[in-house]
Amino acid sequence: KDEGNLRNKPEKNFSIPPPKSIDTLIFWTGFGIDGVFTVTIVLMWAEVSGPQLAMIIGASILAIRRLSEMILAPLSGQISDRLGSGLPLTVMLVLCAAGFCLVGSGALLIGCVLLVLCRGALGTLFPAAASKLYPEQRISSLTRNQTWRDIGAAIGPFLTGVLLVVFSPEAIHLITMGCFLIALGWFFFSGDFRRLSTRL
């Protein structure tokens with residue numbers, strides 16, 4: 001009888017949860033910073049400084065990115081506790097878009113600094129925002145958010161390698177910025193920004 005009941009139970013197929021606006025933003029953040037930026041940064045610096053120095057600069061940027069996460073993650077969390085998640089998240093998202101624009105326009109130093117700082121802060125701000133937007137589904141919202149970040153971080157390096165056959169690294173950054181701005185527009189017009197800014 002028990003075996004019959006087990007056979008009659010419907011099987012739950014694995015599925016990736018569809019993204020909300022906040023998940024689309026973290027997807028393009030992972031795609032852009034963990035994918036496009038990480039893959040192409042040495043190539044872009046090699047054009048202005050030579051391959052050996054470019055390797056050192058690229059390695060330093062990746063190391064500093066981890067340090068920024070160590071420093072900015074708890075700091076951004078404290079700021080969110082005082083000001084709410086809406087304002088700090090929005091500032092970092094705008095600076096992230098500016099970073100893609102600057103790198104794509106050839107302003108490597110300032111663009112790299114912005115993207116590294118944004119990556120460190122957004123590592124805390126995104127989960128905080130996702131959990132506040134959906135308090136009744138706090139765990140599922142966090143896992144969905146991190147799932148889409150990882151999808152972006154996985155697709156980013158692969159697709160960057162494919163796009164480099166056709167586009168320059170600078171052009172790929174500008175394309176990523178355009179997609180990021182579309183996702184940012186969805187975040188604003190969907191009402192999530194307003195909900196995030198007014199929710200206690």
Side-chain angles (χ1 to χ4, degrees), residues 15-41 65 68-69 72-77 79-81 83-104 111-160 163 172-199:
S15 62
I16 298 175
K20 307 291 186 182
S21 67
I22 191 75
D23 307 319
T24 305
L25 275 171
I26 202 172
F27 169 86
W28 286 111
T29 301
F31 182 96
I33 299 180
D34 298 328
V36 176
F37 178 71
T38 302
V39 170
T40 61
I41 191 61
R65 195 190 80 172
S68 74
E69 292 177 3
L72 292 177
L75 181 61
S76 59
I79 294 174
S80 295
D81 287 338
L83 302 179
S85 300
L87 180 60
L89 177 65
T90 302
V91 170
M92 287 293 109
L93 291 174
V94 172
L95 290 178
C96 189
F100 288 131
C101 181
L102 288 169
V103 173
C112 289
V113 170
L114 282 181
L115 289 179
V116 167
L117 292 178
C118 290
R119 181 64 180 84
L122 289 172
T124 298
L125 293 174
F126 268 126
S131 62
K132 287 187 177 181
L133 281 172
Y134 307 99
E136 69 283 356
Q137 300 173 340
R138 195 177 302 273
I139 300 301
S140 61
S141 66
L142 287 172
T143 56
R144 184 184 64 242
N145 197 244
Q146 297 305 299
T147 296
W148 281 101
R149 182 204 64 183
D150 292 339
I151 292 174
I155 295 176
F158 173 77
L159 193 55
T160 299
L163 292 175
I172 298 174
H173 275 82
L174 293 177
I175 293 171
T176 302
M177 180 198 68
C179 296
F180 187 84
L181 288 176
I182 293 173
L184 187 58
W186 182 22
F187 175 67
F188 282 120
F189 291 110
S190 68
D192 282 349
F193 170 73
R194 179 179 54 80
R195 290 171 53 214
L196 191 61
S197 299
T198 57
R199 188 182 295 276

Contact between Trp28 and Leu184 at the side-chain level, heavy atoms closer than 4.5 Å - yes or no?
no

Which heavy atom of Phe27 sits nearest a heavy atom of Ile151, and at what distance?
CE1-CG2, 3.8 Å

Val39 to Thr160 - nearest heavy-atom pair and separation:
CG1-CG2, 3.9 Å

Could you tell me the separation between the CG atom of Leu159 and the CG atom of Leu163, rounded to the nearest 0.5 Å?
4.0 Å

Nearest heavy-atom pair of Ser141 and Ala130: which atoms, and what distance?
OG-O, 3.4 Å

Could you grab the distance from atom CD1 of Ile172 to atom CE of Met177, nearest 0.5 Å is fine?
14.0 Å

To the nearest 0.5 Å, atom CG of Asp23 lies from atom OG1 of Thr29 at 11.0 Å

Do Leu114 and Cys96 have side chains that approach each other closer than 4.5 Å (heavy atoms only, starting at C-beta)?
no

Closest contact, heavy atoms only, Leu142 versus Pro127:
CD2-O, 3.2 Å

Give a yes or no on whether a salt bridge exists between Asp34 and Arg119, defined as a side-chain N under 4.0 angstrom from a carboxylate O.
yes

Is any side-chain heavy atom of Leu122 closer than 4.5 Å to a side-chain heavy atom of Leu93?
yes

Hey, is CZ on Phe188 packed in by over 12 heavy atoms from elsewhere, all under 6.0 Å?
yes

Do the side chains of Thr24 and Trp148 get nearer than 4.5 Å, heavy atoms only?
no

Flag side-chain contact, heavy atom, 4.5 Å: Leu95 against Leu117
no

Note: Glu69 and Gly120 closest approach over all heavy atoms is CG-CA, 3.6 Å

Contact check, side chains of Val36 and His173, non-hydrogen atoms, under 4.5 Å:
yes

Donor-acceptor pair, Ser131 side chain versus Ala128 backbone, under 3.5 Å?
yes

Non-hydrogen atoms of Ser68 and Arg65 that approach each other most closely
OG-O, 2.7 Å

To the nearest 0.5 Å, tell me how far Ile33 CD1 sits from Thr176 OG1.
10.5 Å

Rounded to the nearest 0.5 angstrom, the CH2-NZ distance for Trp186 and Lys20 is 8.0 Å

pair Asp150-Thr147: side-chain heavy atoms closer than 4.5 Å:
no

Within this structure, what is the CG-CG distance for the pair Leu125 and Leu89, rounded to the nearest 0.5 Å?
6.0 Å

